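Written out below as structure tokens is the structure these notes cover.
Labels below follow one simple rule: chain letters A, B, ... track the order of the sequence lines, proteins then strands, and each chain is numbered from 1. On a predicted model such as this, the values are computed, not experimentally measured, just so you know.
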2 protein chains.
Amino acid sequence: MGTKERRQREFEARERLFLDTARTLIRDEGILALQMARLARACDYATGTLYQHFSSKEDLLVALATRRLEEHAQYFCQAATWQASTRERMFALTVADYRFARRHPGYSRLLQFAFTEVVWDGASEARRRALQDALQPPARAVRQIVQEAIDTGDLPDHGQDAGALMLGPWGLCTGIQSMIQTRGLLEGLGIPEPGQQLFRHSQFLLNGLGWQPLMNPVDDKALSRLVRRIENEVLANIGTAADNGMEP
Amino acid sequence: MGTKERRQREFEARERLFLDTARTLIRDEGILALQMARLARACDYATGTLYQHFSSKEDLLVALATRRLEEHAQYFCQAATWQASTRERMFALTVADYRFARRHPGYSRLLQFAFTEVVWDGASEARRRALQDALQPPARAVRQIVQEAIDTGDLPDHGQDAGALMLGPWGLCTGIQSMIQTRGLLEGLGIPEPGQQLFRHSQFLLNGLGWQPLMNPVDDKALSRLVRRIENEVLANIGTAADNGMEP
DNA sequence: TCTATTATTGAATACAATTCATTTTTTGAA
DNA sequence: TTCAAAAAATGAATTGTATTCAATAATAGA
């Protein structure tokens, strides 16, 4: 009876195999070296079979970015449900994102690449939507923090939608991170310790939003203490055991 | 005597021709459609001659991004020397960047693409350095504003380097802009008017930095008035006459 | 004027993504 | 169980382009 369902399941399993193998290949040899034929061969399938799943190489890259985003989202949601003040939780998202990017530099570069016109427009509509869908859970988690902060009075009600309010911290985070990714860029501008700056500016922005309790972002001691606390209480189990991410 | 110099000049003129033509081709047909052989032909040169200038297609793209950055920098420096408070000038940079990106969407996507691992690492060291150099003048202009703000007391001296302080506003700006670039991304998350949000969050961040005079970022009237004033007084001459940019 | 040097050329090469005619496997009716 | 039709898998051929390089042309300097 369920023969159709079985085929469906097998098809999905094979897609996972392709994506997992692609991840390994990219980790070992870089995005540039990824070849469709080699990937298919490495999975003991023909090239054409790979194209049953992905309409193009770009399509595959967006799918890969999506898969990793889903994993990332777990840590993200974990940070969102941490037992701490709304402001600390909001900041924890920035720390989680930063740590995740440091731990999986290949993945972060892939995400950056996926959002590029060339790749994004080269992927199928379905894949683009899938990536959008993968963004929903973390987006919901963040909205929830923002909403709770407004409800408890930690964050003044600016009359803005929660989604709009999260755009700032999120944009700041990805903007600075993508500069960090670009080899030599910040060094060339004489800007040291960009990670520290990211944390500091996130705090400046939260202060600007009037998010209580305010914090002094240039108190390096306190900031480091907070970051370490987040790493211990929220991110401790990142990068252990089953984690076979994209780190070099 | 100066035959060597003349050749040098001719070589540089030809490089400009290649870049200008590439810009036109990209404007008309997109980055994807740019072909080295077609570009060479369009300039009445052989393919090999193009490779005397650019070691690879990526090399060309970084060179192109650099050229546009240099033009962008002019408006940028103009904003920096505007007769207004340090805070207004700092904010004007964000507005200038945003307007430039809206006016030249192809260029902005190109810059985003250029900073991607695949392109950045595919370009020659010389080209990468050239792009870095093109970044210096605007960076200096921004540092100058920050320094003046500290000196006049508009901005509390946080004990931070001016370069470090500008990273926040800059990162926020590029981060949100690159989300705007990605077709459908913010719509999918239900975040409307991203341009407005960018301006608003820039102001939130400046408030957070304690940059005087503070402003209420959710006073849409006042914010719009300021943006319009910047457009009139600083950006009025963008997009006129000789401007043959990348707009569609 | 002539040779050596340098620059230009574009056809040939190389490399990978993608396609598609062929083969293999699966399905479900007889 | 058999078999024809349908579906899926295959990988060699096709295609599209970036890049190279042997041949040719232009230039410089003796």
inquiry  = Please find the pair of heavy atoms, one from Leu93(A) and one from Phe76(A), that lie closest to each other, and give the distance.
reply    = CD2-O, 3.6 Å

key: Ring-face cation contact, Tyr45(B) with Arg14(B), 6.0 Å cut, 45° max   = yes

task = Report yes or no: is the cationic atom of Arg102(B) (NZ for Lys, CZ for Arg) closer than 6.0 Å to the six-membered ring centre of Tyr98(B), at no more than 45° off its axis?
result = yes

Separation of [X] atom [atom1] from [N] atom [atom2], in whole Å?
X: Glu10(B); N: dT27(D); atom1: CD; atom2: C1'; value: 11 Å
X: His53(A); N: dT18(C); atom1: NE2; atom2: C1'; value: 16 Å
X: Leu60(A); N: dA17(C); atom1: CG; atom2: P; value: 10 Å
X: Glu15(A); N: dA9(D); atom1: CD; atom2: P; value: 12 Å
X: Glu58(B); N: dT17(D); atom1: CD; atom2: P; value: 15 Å

ask   = What residues in residues 41-52 of chain A put a non-hydrogen atom under 4.0 Å from any atom of DNA chain D?
value = Arg41(A), Tyr45(A), Ala46(A), Thr47(A), Gly48(A), Thr49(A), Gln52(A)

ask   = Does anything in residues 28-37 of chain A reach DNA chain C, meaning a heavy atom under 4.0 Å, and if so which residues?
value = Leu34(A), Gln35(A), Met36(A)

query = Can you check whether Arg14(B) has a side-chain N or O nearer than 4.0 Å to OP1 or OP2 of dT8(C)?
reply = yes

key: dT27(C) phosphate, OP1 or OP2, under 4.0 Å from Arg7(A) side-chain N/O   = yes

key: Contacts of type ring pair (Phe, Tyr, Trp, His ring centres under 6.0 Å), residue Tyr51(A), not counting sequence neighbours   = none

ask   = Can you list the residues that meet the side-chain contact (heavy atoms from CB on, under 4.5 Å) rule with Gln144(A), with sequence neighbours excluded?
value = none

inquiry  = Can you pull out every salt bridge (charged side-chain N to carboxylate O under 4.0 Å, His left out) where at least one residue sits in residues 104-125 of chain B? Sequence neighbours excluded, please.
reply    = Arg109(A)-Glu117(B), Glu117(A)-Arg109(B), Arg183(A)-Asp121(B), Glu125(B)-Arg128(B), Glu125(B)-Arg129(B)

key: Where at least one partner belongs to residues 42-51 of chain A, residue pairs that pass salt bridge (charged side-chain N to carboxylate O under 4.0 Å, His left out), sequence neighbours excluded   = none

message = Using a strict threshold of under 4.0 Å (side-chain N to carboxylate O), is an ion pair present between Glu15(B) and Arg127(B)?
response = yes

